[in-house]
Amino acid sequence: MRIEQLLDKKEQLMVSILKQLVLEGGSLPHSVLQESVGLSKQAYDNYVVEMGQFLSSHFKSDSNTAFVKNDGYQLSLDLPEKIGLSAIVGQFIEESSKYQILDYLLIHREFSINQLVSTLMLSESTVFRKIREINSVLKEFQIQIKNGRMVGEELQIRYFYYQLQLVVKVRNGHNRTATALEQSSASYQLFENALKKQLKTSFSRSAIQKLHCWLYVTQKRIIIKTLEQTDLSKRFTVFLNDPLFKDVDQIVSLYFSRSSVEDNIYESQMLYIFLISFFIFDEEYYYHYDLLRKKKLPTATLDVYIREMILLHYRPRRIALSLEKQVGYNLSQLNNQLYFFKGRIFEVDVHHLETELEHLLGRALSTLPTKLLRVALSRYYLKRDQHDGLQDYVLKSYSSVLSLIDFHSLKIITVGLDFDRDDILGEPFRQLVTTELLAMNGVVVKEYVPKGRFDLVITTGYVDDWSVKAERVYAVSEFNSSYDIKKIKEIIYNLKRSVN
């Protein structure tokens, strides 16, 4: 699920325009943007004006200049340094009627159509239509709004709301809806401190934000008496003797003993699942937990299997122990999510992310993440579901883990520059080449010397009349040529892949 799916069509197109501007460096011709969103010129112009008004009314510019600039030919975006696109999208979401229905349902737990009509000031037919549209995006989470309530597995409901609140309330703290979460933080902090004491650990700032967000959703849902826990009960049976779960259960039971809410083991189970699935514990703490947990747990066996598949792929190269621990930590969080949850809310442009990951991995590694996901699904007795965003998230995250290994284990490519010192016109190009290449991972740029060892030598001379000790030699065609820069980067890219 893309977070923009909670917006109406007009707001979706505005967000699409903003994302394209961000991805393309901040400026694009009107003709390109208009064609991409499929609007007439008049409609497009109106959207651009409304988008500028929305930004200026909700966000403060550092220099009192317009966020969106229109020079008649192209549209340019100029955001303040402290405001990212996610904050803008979050503001759009917060004001959308579909989000407001979901938020109302979280806070009040149930509603009547008349209540929504009066609260949101919408017609009855509009409310029904919005609910149908919401249910269409909730399908991948296997939950739905029915008879004025959110129905489905309770773990899935909390998981969905956790992601939604994290996007809108936590990561966009300037929004007014963050106030409720902030006001509750004091009570959450008491539980947080008890949890840290019981588990003998500490939490990062990011982990605390996530924990408070989960507790906020729990607080809203916990007083509902009849909750569906069928799938959780089946899946969690093998985890009941896990030492970490027993610690979590102890602190949750103590918490319930001091409240009016009836204690039940499912609350402990859901909190435990949250803690081991969303990067709450730091790497070192989780590493020690991994040593203590049963190796026959379905998640534990998959962690080992996937890790061994990756290590086998990189042989005969040895991966440093610290990197192996980091890889294992990331894989385990992903595998836990895949075992317990369905669905995913995406904030980023998925297609752009996929393109970047493929570029980072190259052809040799691009098929491995798919193999890893196939193995993970088969071991969990799950089928590939193209509509399950979580499976896509895990697939792309496997790619990220591989890129992490690549980054730390790539061979250093040494580039030698053999530019004619007598030709001062070539000096700007020398600086350009040096700047461009130093920005690439694992590249060292030096002056060429005959006795040195180089993987690539870039020269302004004639290669036919020239002898160097290098795997590749590239002759520059023209000073300040983007063509040459592109070709040089391709050669370096191929050199990296040939040795990895």
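Residues take their numbers from the sequence shown, with the count starting at 1.
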Quick one about Tyr329 and Gln333 (side-chain donor to acceptor, distance below 3.5 Å, no hydrogens or angles considered), yes or no? no
Between Leu18 and Phe92, is there a side-chain heavy-atom distance shorter than 4.5 Å? yes
If you apply the rule side-chain contact (heavy atoms from CB on, under 4.5 Å), what do you find for Glu154 with Leu232, and how did you get there? CA-CA 9 Å; Glu154 183 61 19; Leu232 174 62; over 6 Å; no
Ion pair present between Asp392 and Arg384, side-chain N to carboxylate O less than 4.0 angstrom? yes
Any salt bridge linking Arg235 with Asp231? Criterion: basic side-chain nitrogen under 4.0 Å from a carboxylate oxygen. yes
Note, Val473 side chain near Leu456 side chain (heavy atom, < 4.5 Å): no
State, yes or no, whether a side-chain contact exists between Gln163 and Met1 at a heavy-atom distance under 4.5 Å. no
Without swapping roles, check the side chain of Asp242 against the backbone of Phe245 for a donor-acceptor pair under 3.5 Å. yes
Tell me if a side-chain donor or acceptor on Gln12 pairs with a main-chain N or O of Leu7 at a distance below 3.5 Å. yes
Kindly say whether Arg2 contributes a backbone atom to a donor-acceptor pair with the side chain of Gln5 at under 3.5 angstrom? yes
Please walk me through it: do Tyr162 and Tyr159 pass ring pair (Phe, Tyr, Trp, His ring centres under 6.0 Å)? CA-CA 5 Å; Tyr162 161 72; Tyr159 168 63; 7.3 Å; no
Quick check: closest heavy atoms across Lys200 and Tyr285, and the distance to 0.1 Å? O-CE1, 3.8 Å
Which one of Thr301, Asp303, Asn330 satisfies the side-chain hydrogen bond (donor to acceptor under 3.5 Å, both in side chains) criterion with Asn335? Asp303
Just do the salt bridge (charged side-chain N to carboxylate O under 4.0 Å, His left out) check on Lys342 and Glu153 with the steps written out, would you? CA-CA 11 Å; Lys342 296 280 190 296; Glu153 279 283 328; over 6 Å; no
Between Glu11 and Ser96, is any side-chain donor less than 3.5 angstrom from a side-chain acceptor? no
Which atom of Leu85 lies closest to which atom of Leu79, heavy atoms considered: N-CD1, 4.4 Å
Would you confirm whether Thr218, through its side chain, and Trp214, through its main-chain N or O, come within 3.5 Å as a donor-acceptor pair? yes
Separation between CD of Glu95 and CG of Asp8, rounded to the nearest 0.5 Å: 12.0 Å
Nearest 0.5 Å, please: how far is CG in Asp385 from CG in Leu377? 9.5 Å
Tell me whether the rings of Tyr380 and Tyr339 are parallel (<30°), tilted (30 to 60°) or perpendicular (>60°). perpendicular
Taking Arg158 first and then Glu267, would you say they form a salt bridge - that is, a charged N and a carboxylate O separated by under 4.0 Å? yes
So, for Gln144 and Leu138, which heavy atoms are closest and what is the spacing to 0.1 Å? CA-CD1, 4.2 Å
Please test Leu275 against Val248 for side-chain contact (heavy atoms from CB on, under 4.5 Å), starting from the C-alpha separation and ending with a verdict. CA-CA 9 Å; Leu275 291 173; Val248 171; 3.9 Å; yes
Could you state the interatomic distance from CE (Met270) to CG (Leu227), rounded to the nearest 0.5 Å? 6.5 Å
Heavy-atom count around Lys487 NZ within 6.0 Å, excluding the residue itself: above 12? no
Do Ser204 and Phe279 make a side-chain contact, defined as non-hydrogen atoms from C-beta onward lying under 4.5 Å apart? no
Spacing of CG belonging to Leu6 relative to NZ belonging to Lys130, to within rounding of 0.5 Å: 10.5 Å
For Phe278, does its backbone N or O pair with a side-chain atom of Lys210 as donor and acceptor, under 3.5 Å? yes
Looking only at the aromatic ring of each residue, does the gap between the centers of Tyr286 and Phe281 stay below 6.0 angstrom? no
For the pair Gln165 (side chain) and Cys213 (backbone), establish whether a donor and an acceptor sit closer than 3.5 Å, ignoring hydrogens and angles. no
Would you say the rings of Tyr47 and Tyr44 are close, in the sense that their centroids are separated by under 6.0 Å? no
Give, for atom CG of Leu166 and atom CD of Gln209, the distance between the pair rounded to the nearest 0.5 Å. 8.0 Å
With side-chain contact (heavy atoms from CB on, under 4.5 Å) as the test, would you mind laying out the steps for Val48 and Leu33 before giving the verdict? CA-CA 10 Å; Val48 169; Leu33 290 170; over 6 Å; no
Specify the closest pair of heavy atoms between Tyr216 and Leu106, including all atoms of both residues, with the distance to one decimal. CE2-CD2, 4.0 Å
Could you check whether atom NZ of Lys295 has more than 12 heavy atoms from other residues, nucleotides or ligands sitting under 6.0 Å from it? yes
Does Ser332 use its side chain to pair, donor to acceptor, with the backbone of Gly328 at less than 3.5 Å? no
Just checking Glu283: does its CD atom have more than 12 heavy atoms from other residues, nucleotides or ligands closer to it than 6.0 angstrom? yes
Side-chain heavy-atom pair Tyr448, Leu417 within 4.5 angstrom cut-off: no
Test item: Ser233 side-chain N/O and Gln229 main-chain N/O as donor-acceptor pair under 3.5 Å: no
What verdict does the ring pair (Phe, Tyr, Trp, His ring centres under 6.0 Å) test give for Phe236 and Tyr272, after you've listed the backbone C-alpha separation in whole Å, the side-chain angles of each residue and the deciding distance to 0.1 Å? CA-CA 10 Å; Phe236 203 85; Tyr272 165 84; 5.5 Å; yes
A side-chain contact here means heavy atoms from C-beta on lying under 4.5 Å apart; do Tyr161 and Leu102 qualify? yes
Closer than 3.5 angstrom, by distance alone: can the side chain of Asp282 be matched with the main-chain N or O of Glu284 as a donor-acceptor pair? yes
Minimum heavy-atom separation for Val68 and Leu75, please, with both atom names. CG1-CD1, 3.2 Å
What is the distance from atom NE2 of His30 to atom CD1 of Ile17, rounded to the nearest 0.5 Å? 10.0 Å
Test side-chain contact (heavy atoms from CB on, under 4.5 Å) on Leu437 and Ile413; report intermediate values, then the result. CA-CA 10 Å; Leu437 298 189; Ile413 302 298; over 6 Å; no
Apply ring pair (Phe, Tyr, Trp, His ring centres under 6.0 Å) to residues Phe239 and Phe340 and explain how you reach the verdict. CA-CA 12 Å; Phe239 291 85; Phe340 287 109; 5.3 Å; yes
Note, Gln74 side chain near Ser76 side chain (heavy atom, < 4.5 Å): yes
Of Thr367, Ile310, Leu302, Leu331, which is the lone residue that meets side chain to side chain contact (heavy atoms under 4.5 Å, CB included) with Leu372? Ile310
Hey, is the main chain of Ile276 close enough, under 3.5 Å, to the side chain of Asn336 for a donor-acceptor pair? yes
At their closest point, which heavy atom of Leu390 faces which heavy atom of Gly343, and how far apart are they? CB-O, 3.2 Å
Going by heavy atoms in the side chains, are Val89 and Glu347 under 4.5 Å from each other? no
